[in-house]
Trainee: 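Sharing a structure with you now.
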Protein chains: 2
Amino acid sequence: MDSRTKILNAASELFLEGGGAGLSVRAISKRAGMSTIGIYSHFQGKQGILDALYIEGFNMVRDAMDVISEGKANKAQVLESCMGYLRVGEQNEAHYRLIFGETDAGYEPSEEAISARNSAFSKLVSVAGSYLPEASTIIERRQIALDVWAIVHGYVSISHHAALTHDPSIDWKAMALRVVEMHLDAAMALNSD
Amino acid sequence: MDSRTKILNAASELFLEGGGAGLSVRAISKRAGMSTIGIYSHFQGKQGILDALYIEGFNMVRDAMDVISEGKANKAQVLESCMGYLRVGEQNEAHYRLIFGETDAGYEPSEEAISARNSAFSKLVSVAGSYLPEASTIIERRQIALDVWAIVHGYVSISHHAALTHDPSIDWKAMALRVVEMHLDAAMALNSD
DNA sequence: GTTTGCTATATAACACTGTTATATCTTAGA
DNA sequence: TCTAAGATATAACAGTGTTATATAGCAAAC
């Protein structure tokens, strides 16, 4: 196996196990069975590792939202796409926290990482936007995508921080979906005037 | 001036200037004009400093939402309360990022800090909940408060991370308020059935 | 076949972090 | 005045990301 992939696998494993806290350069290199220097020759230091995980995270989000085959979406499909997003937020908390800057205060995503983020947001625009009437402008589509994003992200983020009181009977994902649905209905009512 | 307040002021200044990145124990003690040891005798180390700032942050949020004098709120008042929240998120980004775990991966709020958070959320429940019909249950009030919180927090959080592309012409606060208003209307329509 | 040069890897060090053990200084009470 | 307790200072420890230096391996050139 390539040294680069060995390091990446080790980092991904550690990140999954202990989140950002246990993700030190020395821990990664130890797990990968080599010296710390590889992280600086194969990646650009820890920044490069975080970049790789950041991209991995946004690709998860994008793929999870990619449920619409072609053309116009119905409401159920938009909600299913949001459900994919919510599931990623729940099941991949470490990645999700990283892509929303909750892991390392010093980390700044690279150009490539930002384009991965934009790619995920484009997917959301295409999904949420395709629910609007065909005459809708790109501005309107981006707007409703941003609204939906804020709602689902808001619930994911809150659920992560309320994890202290960890009440499993609370269904965050259902709450978020309900708010999204209400918003879609209201937006559709406005746009069809 | 008390040593304790000297340290707290120094920490608050540094936090305001450089966020969580420059907030080191040595930097705080240097700014306060004393040794590092004071942070461990007067506070419980860095955890104690972060706790103080965390509480400060949530008190800002609570006070900013405290716009309703007594009794039932109208929609404008709820929106004004949300506007207060949004302003804190915009003008006190460092504090806001801290209270949503985006500063130090290792920090865990203490019991006192959590009660400050609960106090702020209670304020939101009382504001958003009082907009509902009087017959509404506490469950319904907490639910709409959570919805509103997710929306405004979602927008604040997204605005912080889109700060890379920093387009000042985008009015995040207005977008958030519009979504909140749509949600309030929809929720009111449902609850008055 | 030897030498050169490039790459990958290793070791050790540097500057930083939070934390603490030890020592000094100050001050209030007996 | 002596004592005890608290506040402050210094220095060290273990950890972090990073890098300068040194070694090993291996492919290409002569």
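Note on naming: letters A, B, ... go to the chains in the order of the sequence lines (proteins, then strands), and numbering restarts at 1 for each one.
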Trainee: Given D:dA7, is OP1 or OP2 found less than 4.0 Å from the side-chain N or O atoms of B:Ser3?
Mentor: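 No, outside the criterion.
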Trainee: If you round to the nearest 0.5 Å, how far is CG of A:Asp104 from CZ of A:Arg97?
Mentor: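 Between A:Arg97 CZ and A:Asp104 CG, I get 13.5 Å after rounding to 0.5 Å.
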Trainee: Using the rule that two of Ile, Leu, Val, Met, Phe, Trp, Tyr join whenever any of their side-chain heavy atoms come within less than 4.5 Å, decide whether B:Ile39 and B:Ile37 are in one cluster.
Mentor: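 Unlinked, B:Ile39 and B:Ile37 end up in two clusters.
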Trainee: Is a salt bridge present between A:Lys123 and A:Asp63, judged by a nitrogen-to-oxygen distance below 4.0 Å?
Mentor: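 Here A:Lys123 does not pair with A:Asp63 in a salt bridge, since their nearest N and O are not under 4.0 Å apart.
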Trainee: Thinking salt bridges, do A:Arg178 and B:Asp147 make one under a 4.0 Å N-O criterion?
Mentor: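 Salt bridge: yes.
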Trainee: I need the CD-P distance between B:Gln47 and C:dT20, as an integer number of Å.
Mentor: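 After rounding, the reported distance stands at 12 Å.
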Trainee: Between A:His42 and C:dT7, is there a contact of a side-chain N or O with OP1 or OP2 at under 4.0 Å?
Mentor: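 No, outside the criterion.
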Trainee: Tell me whether B:Arg87 is salt-bridged to B:Glu80, with the criterion being a basic N under 4.0 Å from an acidic carboxylate O.
Mentor: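 The answer is yes: the pair qualifies as a salt bridge.
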Trainee: What stems show up for DNA chain D when you take Watson-Crick pairs (N1-N3 plus N6-O4 or O6-N4) and G-U wobbles (N1-O2, O6-N3), both under 3.5 Å, and require three or more consecutive pairs?
Mentor: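 Output for stems: C:1-30 with D:1-30.
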Trainee: What's the OH-P distance between B:Tyr107 and C:dT19, to the nearest Å?
Mentor: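 Result: 13 Å.
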Trainee: Please report whether the ring centroid of B:Phe58 lies less than 6.0 Å from that of B:Phe121.
Mentor: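 They do not qualify: ring centres at least 6.0 Å apart.
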Trainee: Under the ring pair (Phe, Tyr, Trp, His ring centres under 6.0 Å) definition, can you give me all pairs with a residue in residues 25-51 of chain A, not counting sequence neighbours?
Mentor: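 Found none.
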Trainee: Rounded to whole Å, please give me the gap between CD in B:Gln44 and P in C:dG18.
Mentor: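 Those two atoms, CD and P, are 16 Å apart.
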Trainee: Each nucleotide N or O in nucleotides 15-17 of chain D that has a protein N or O under 3.5 Å away: list the pair and distance.
Mentor:
from, atom 1, to, atom 2, distance (Å)
D:dT16, OP1, A:Ser24, OG, 3.2
D:dG17, OP1, A:Val25, N, 3.2
D:dG17, OP1, A:Lys46, NZ, 3.0
D:dG17, OP2, A:Val25, N, 2.8
D:dG17, N7, A:Arg26, NH1, 2.8
D:dG17, O6, A:Arg26, NH2, 3.0

Trainee: Please report, to 0.1 Å, the donor-acceptor pairs under 3.5 Å made by any side chain of residues 127-135 of chain A, with sequence neighbours excluded.
Mentor:
from, atom 1, to, atom 2, distance (Å)
A:Ser130, OG, A:Ala73, N, 3.2
A:Ser130, OG, A:Ser126, O, 3.3
A:Ser130, OG, A:Val127, O, 3.0

Trainee: Supply the atom-to-atom distance A:Ile151 CD1 to A:Tyr85 OH, rounded to the nearest 0.5 angstrom.
Mentor: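 Nearest 0.5 Å value for the CD1-OH distance: 12.0 Å.
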Trainee: Identify, residue by residue, the members of residues 10-17 of chain B with a heavy atom below 4.0 Å from DNA chain D, and return them in order of residue number, or none.
Mentor: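 When residues 10-17 of chain B is checked for heavy atoms under 4.0 Å from DNA chain D, there are no hits whatsoever.
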Trainee: Identify each atom pair where a protein N or O and an N or O of nucleotides 4-6 of chain C are less than 3.5 Å apart, giving names and distance.
Mentor:
none

Trainee: For a quick check of understanding: with a heavy-atom distance under 4.0 Å over all strands, which category does A:Gly38 fall into, base, sugar-phosphate or nothing?
Mentor: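 Nothing, no heavy atom under 4.0 Å.
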Trainee: Rounded to the nearest 0.5 Å, what separation is found between the OH atom of B:Tyr96 and the OG atom of B:Ser157?
Mentor: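 Nearest 0.5 Å value for the OH-OG distance: 7.0 Å.
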Trainee: What's the spacing between B:Leu86 CG and B:Met65 CE if we round to 0.5 Å?
Mentor: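 The CE atom of B:Met65 is 10.5 Å from CG of B:Leu86, to the nearest 0.5 Å.
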Trainee: Provide, to the nearest angstrom, the distance between the CD1 atom belonging to A:Ile37 and the P atom belonging to C:dT7.
Mentor: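 Value for this atom pair: 15 Å.
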Trainee: Any carboxylate oxygen within less than 4.0 angstrom of a Lys/Arg side-chain nitrogen, looking at A:Arg31 and A:Glu17?
Mentor: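 Looking at A:Arg31 and A:Glu17, the cut-off is met.
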Trainee: Among C:dT11, D:dA9, D:dA11, which is the nearest nucleotide to the side chain of A:Thr36?
Mentor: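 Selected nucleotide (nearest to the side chain): C:dT11.
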Trainee: To the nearest 0.5 Å, tell me how far A:Glu181 CD sits from A:Cys82 SG.
Mentor: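 The SG atom of A:Cys82 is 10.5 Å from CD of A:Glu181, to the nearest 0.5 Å.
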Trainee: Starting from C1' on D:dT19, measure out to CD1 on A:Ile39 and report it in whole angstrom.
Mentor: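 Result: 14 Å.
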